[in-house]
S.K.: 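One structure coming up, written as structure tokens, with questions to follow.
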Amino acid sequence: MTATTADPNELKGEDWAGEMGIKWLTHIDRFEGMIAPIGDALLSRAAIAPGQRVIDLGCGGGLTSLAAARATGPEGAVLGLDISPDLIDAARRRAIDHPNVSFVCADAATVALDTPYDRPYDGLISRFGSMFFAEPYAAFTNLHGLIKPGGRIDLAIWAAPRDNPWMMELMGVARSHIDIPSPDPRAPGPFAFSDLDYVRDILAHAGFSAPDIEVYQGEQAIGGPGASPDDAADFALASMAIGRALAEAGDDVLARARADLVTLFEKRHVPGKGVMMANKVWLLTATA
């Protein structure tokens with residue numbers, strides 16, 4: 001263990017308006033390929049119907065928005081919301097031939113949707129886009145006002161890090177080289193909603209019903225389907241918060257950590273599929 005200590009704030013990954021949005025866009029195909037099965041499960045559970053008007057919260061590059069728009073059909077509409085201008089620009093380019101999809105770059109915690117988006121929506125979906133609010137109680141209260149009474153929200157949120165080996169094993173490699181303090185578990189970040197009692201309280205405060213929760217467990221391909229152990233290691237270091245923390249510890253530390261990641265990923269590599277690591281996700285449904 002070195003004496004280097006990473007700033008826990010660097011590991012939250014909540015700067016989606018800036019650095020994290022750019023990182024996601026840079027590696028968008030790998031990120032989207034890695035979590036595509038979870039997005040499919042979310043959309044299947046949401047059961048979006050033709051003619052519905054749906055918000056895609058934290059829409060990223062817009063793939064979930066486009067999938068939702070296929071479900072609504074031309075008589076429906078999907079609005080993608082994201083705080084990253086870079087990702088919104090990419091989403092708009094992807095949706096240029098899809099007139100029933102539009103995108104707004106805004107903070108969903110405070111956004112007020114103007115004409116022609118001034119009437120409540122039928123529902124809201126979010127694939128890992130709901131856990132980054134600095135003030136989640138206020139944010140979900142605002143979101144509640146965008147959904148019509150009885151309309152549903154469907155969220156995919158990560159379960160606890162300890163139940164997600166893809167994260168725990170990567171963090172284990174990083175912690176063998178640098179000291180990483182444990183952040184506040186409810187701080188904005190990927191695992192901020194892993195405590196379901198906390199999520200239930202936020203939703204109740206905002207006016208949503210008690211949620212129905214389904215467990216999703218599977219494997220995800222680190223760096224996207226088909227990535228080699230070397231590809232996956234480079235992806236993790238270039239796109240995840242641990243990469244910056246390791247890089248700041250120096251080139252030697254980074255090189256040793258990369259070698260350890262490659263060794264880990266070689267053990268998890270499945271020919272024809274990629275570096276497969278277990279995950280656990282909550283699929284949550286509530287009504288306004």
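Count residues from 1 along the sequence.
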S.K.: Hey, could you give me each pair passing salt bridge (charged side-chain N to carboxylate O under 4.0 Å, His left out) that has a residue in residues 132-150? Not counting sequence neighbours.
M.R.: D122-K148
S.K.: Quick one: do F128 and M240 end up in the same hydrophobic cluster if we chain Ile, Leu, Val, Met, Phe, Trp and Tyr together by side-chain heavy atoms under 4.5 Å apart?
M.R.: yes
S.K.: Atom CG of L246 and atom CZ of R256: how far apart are they, to the nearest 0.5 Å?
M.R.: 10.5 Å
S.K.: Indicate the atoms forming the closest heavy-atom contact of T72 with A77, along with that distance.
M.R.: OG1-N, 3.8 Å
S.K.: Would you say V215 ends up clustered with M168 if hydrophobic residues are merged whenever their side chains have heavy atoms under 4.5 Å apart, either directly or through other cluster members?
M.R.: no
S.K.: Hydrophobic clustering (ILVMFWY, side-chain heavy atoms < 4.5 Å, transitive) - are M171 and V253 grouped together?
M.R.: yes
S.K.: Considering residues at least two apart in sequence or located in another chain, which fulfil the side-chain hydrogen bond (donor to acceptor under 3.5 Å, both in side chains) criterion with W158?
M.R.: none
S.K.: Do L146 and L124 pass the side chain to side chain contact (heavy atoms under 4.5 Å, CB included) test, and can you show the C-alpha distance, the side-chain angles, and the key distance before you say yes or no?
M.R.: CA-CA 9 Å; L146 306 180; L124 177 149; 5.9 Å; no
S.K.: Taking all non-hydrogen atoms of both residues into account, name the closest pair between A160 and F191 and its distance.
M.R.: C-CD2, 4.2 Å
S.K.: With a 4.0 Å cut-off on N to O distance, would you call D56 and R127 a salt bridge?
M.R.: no
S.K.: List in chain and number order the residues that pass side-chain hydrogen bond (donor to acceptor under 3.5 Å, both in side chains) with R186, two or more places apart in sequence or in another chain; answer none if no residue qualifies.
M.R.: D195
S.K.: With sequence neighbours excluded, what pairs up with A259 under the side chain to side chain contact (heavy atoms under 4.5 Å, CB included) test?
M.R.: none
S.K.: Distance from S182 atom OG to R175 atom CZ, nearest 0.5 Å?
M.R.: 4.5 Å
S.K.: For S65 and C59, work out which heavy atoms get closest and say how close.
M.R.: OG-CB, 3.5 Å
S.K.: So which pairs with a foot in residues 262-277 pass salt bridge (charged side-chain N to carboxylate O under 4.0 Å, His left out), sequence neighbours left out?
M.R.: E169-R268
S.K.: Which heavy atom in A69 sits nearest to a heavy atom in N100, and how many Å separate them?
M.R.: O-ND2, 3.2 Å
S.K.: Going hydrophobic residue to hydrophobic residue with side-chain gaps under 4.5 angstrom, can you get from V270 over to I222?
M.R.: no
S.K.: Checking D212 side chain against T285 main chain: does a donor-acceptor pair fall under 3.5 Å?
M.R.: no
S.K.: To the nearest 0.5 angstrom, please state how far the CG atom of L283 sits from the CD1 atom of I157.
M.R.: 9.0 Å
S.K.: Would a 4.5 Å heavy-atom cut-off, applied to side chains only, mark P185 and Y198 as touching?
M.R.: no
S.K.: Not counting sequence neighbours, list each pair that qualifies as a salt bridge (charged side-chain N to carboxylate O under 4.0 Å, His left out) and has a residue in residues 149-159.
M.R.: R152-D154
S.K.: Which pair of non-hydrogen atoms, one from P229 and one from F265, has the smallest distance, and what is that distance?
M.R.: O-CD1, 3.7 Å
S.K.: Just how far is it from atom NE2 of H177 to atom CG of L261, taken to the nearest 0.5 Å?
M.R.: 7.5 Å
S.K.: Are R258 and D234 close enough that some pair of their side-chain heavy atoms sits under 4.5 Å apart?
M.R.: yes
S.K.: Checking side chain to side chain contact (heavy atoms under 4.5 Å, CB included) between F208 and each of I202, L203, L284, which is the one that passes?
M.R.: L203
S.K.: Going from CG on L143 to OH on Y121, what distance comes out if it is rounded to the nearest 0.5 angstrom?
M.R.: 12.5 Å
S.K.: My understanding is that only residues two or more places apart in sequence, or in another chain, count here; which of them pass side-chain hydrogen bond (donor to acceptor under 3.5 Å, both in side chains) with D89?
M.R.: none
S.K.: Who are the side chain to side chain contact (heavy atoms under 4.5 Å, CB included) partners of A68, not counting sequence neighbours?
M.R.: L43, I48, V78, I125
S.K.: Quick one: list whatever passes side-chain hydrogen bond (donor to acceptor under 3.5 Å, both in side chains) with E219, sequence neighbours left out.
M.R.: none
S.K.: Please list all pairs meeting side-chain hydrogen bond (donor to acceptor under 3.5 Å, both in side chains) that have one or both residues in residues 136-145, counting only residues at least two apart or in different chains.
M.R.: Y137-D201
S.K.: Locate the shortest heavy-atom distance separating D260 from S176; write the atom from each residue and the value.
M.R.: OD2-OG, 4.2 Å
S.K.: Nearest 0.5 Å, please: how far is OG in S239 from CD1 in I28?
M.R.: 12.5 Å
S.K.: Is it the case that the side chain of N164 and the backbone of K280 share a donor-acceptor pair, with hydrogens and angles ignored and the cut-off at 3.5 Å?
M.R.: yes
S.K.: Honestly curious: do Y216 and M277 fall in one hydrophobic cluster under the side-chain, below-4.5 Å linking rule?
M.R.: yes
S.K.: Sequence neighbours left out, cut at 3.5 Å: what donor-acceptor pairs do the side chains of residues 32-41 make with other protein atoms?
M.R.:
unit_1 : atom_1 : unit_2 : atom_2 : d
E32    : OE1    : R94    : NH1    : 3.4
E32    : OE1    : R94    : NH2    : 2.9
E32    : OE2    : R94    : NH1    : 2.9

S.K.: Can you find a heavy atom in the side chain of D82 that is under 4.5 Å from one in the side chain of F103?
M.R.: no
S.K.: Could you list the residues that satisfy ring pair (Phe, Tyr, Trp, His ring centres under 6.0 Å) with W282, not counting sequence neighbours?
M.R.: none
S.K.: Compare all side-chain heavy atoms of F235 with those of H27 and state whether any distance is below 4.5 angstrom.
M.R.: yes
